[in-house]
Amino acid sequence: MTSALIDQLKEQESAVIIYNTSVLAYVPVALAAVYSATKAALHSFALSQRYLLKDTSVSVLEIAPPWVQTDLLGSNNEPRAMPLAEFIEETIRVLGTDAHEVLVEHAKPLRNNPGPNEGAFVTEFNAKFDDLRAQAPA
């Protein structure tokens, strides 16, 4: 869709493209492997598009939420997830800056995961969800 509209956006004095990815673009969760992979692909696409549009009037932003208390996966009361109101408030605050990646504080540890130790980091991250995996239908 973005590619179909890009020429029109470039004609504007100022335009913004916002992609909604996830911290799972940086650290995949095994329970949602395909979802994690699609978010990683969209993150890569946003980086490429941001570079390609750097000398135009079009800005490319990426919002990468952490796990947020929503209806998705019945996470409304999940204590490990970020409260929705807190996420919205912090996201709006970051959108008011010149940041290209809109990251709330809960997302930063996953965004900054250790490169060479990535495998161990991902394993440790996924172990936190073993209780959910046990509940998931086979």
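Since the structure is predicted, the reported quantities are computational estimates derived from the model, not experimental observations.
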Check residues 83-96 and write down every donor-acceptor pair under 3.5 Å in which the side-chain atom is one partner and the other belongs to a residue at least two apart or another chain.
from	atom 1	to	atom 2	distance (Å)
E90	OE2	E105	N	2.5
T91	OG1	F87	O	2.8

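Annotation for E62 and A46: closest pair OE1-CB, 4.4 Å, computed over non-hydrogen atoms. Considering all non-hydrogen atoms of both residues, T56 and K10 come closest at CG2-CD, 3.8 Å. The two residues A64 and T21 come nearest to each other via the heavy atoms CB-OG1, 3.5 Å. Contact detail for I17 and Q49: the closest heavy-atom pair is CD1-OE1, 3.8 Å. Scanning both residues, V23 and A107, for their nearest heavy atoms gives CG1-CB, 3.3 Å. Between A81 and V68, the shortest heavy-atom distance links the atoms CB-C, 3.8 Å.
Applying the side-chain hydrogen bond (donor to acceptor under 3.5 Å, both in side chains) test to S36 and every residue at least two apart in sequence or in another chain returns nothing. Take Q69 and apply the side-chain hydrogen bond (donor to acceptor under 3.5 Å, both in side chains) test, not counting sequence neighbours, and it matches no residue.
Taking CD of Q12 as the reference point, atom CD of Q8 lies at 7.5 Å (rounded to 0.5 Å). The distance from atom CD1 of I63 to atom CD of E101, rounded to the nearest 0.5 Å, is 11.5 Å. To the nearest 0.5 angstrom, N20 atom CG is 11.5 Å from L61 atom CG.
With hydrogens and angles disregarded, no donor-acceptor distance shorter than 3.5 Å links the side chain of S44 to the backbone of A40. The backbone N or O of H100 sits less than 3.5 Å from a side-chain atom of R50, completing a donor-acceptor pair. For the pair R80 (side chain) and K128 (backbone), a donor-acceptor distance under 3.5 Å is present.
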request  = Decide yes or no on side chain to side chain contact (heavy atoms under 4.5 Å, CB included) for Y26 and N112, but give the supporting numbers first.
outcome  = CA-CA 8 Å; Y26 317 123; N112 300 330; over 6 Å; no
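L42 and V29 end up in different hydrophobic clusters when Ile, Leu, Val, Met, Phe, Trp and Tyr side chains are linked at under 4.5 Å. By the rule that hydrophobic residues join a cluster once side-chain heavy atoms approach within less than 4.5 Å of another member, L110 and F129 end up as members of one cluster. A continuous path of ILVMFWY side-chain contacts below 4.5 Å connects L53 to F45, so both sit in one hydrophobic cluster. Following chains of ILVMFWY side-chain contacts shorter than 4.5 Å, one can reach L24 starting from L31, so the two form part of one hydrophobic cluster. Hydrophobic clustering keeps V60 apart from V16 (ILVMFWY residues linked when any side-chain heavy atoms are closer than 4.5 Å, directly or through intermediates).
Taking 4.5 Å as the limit, every side-chain heavy atom of V104 sits out of range of all side-chain heavy atoms of P65.
Donor-acceptor pairing under 3.5 Å is recorded for the side chains of Y19 and T2.
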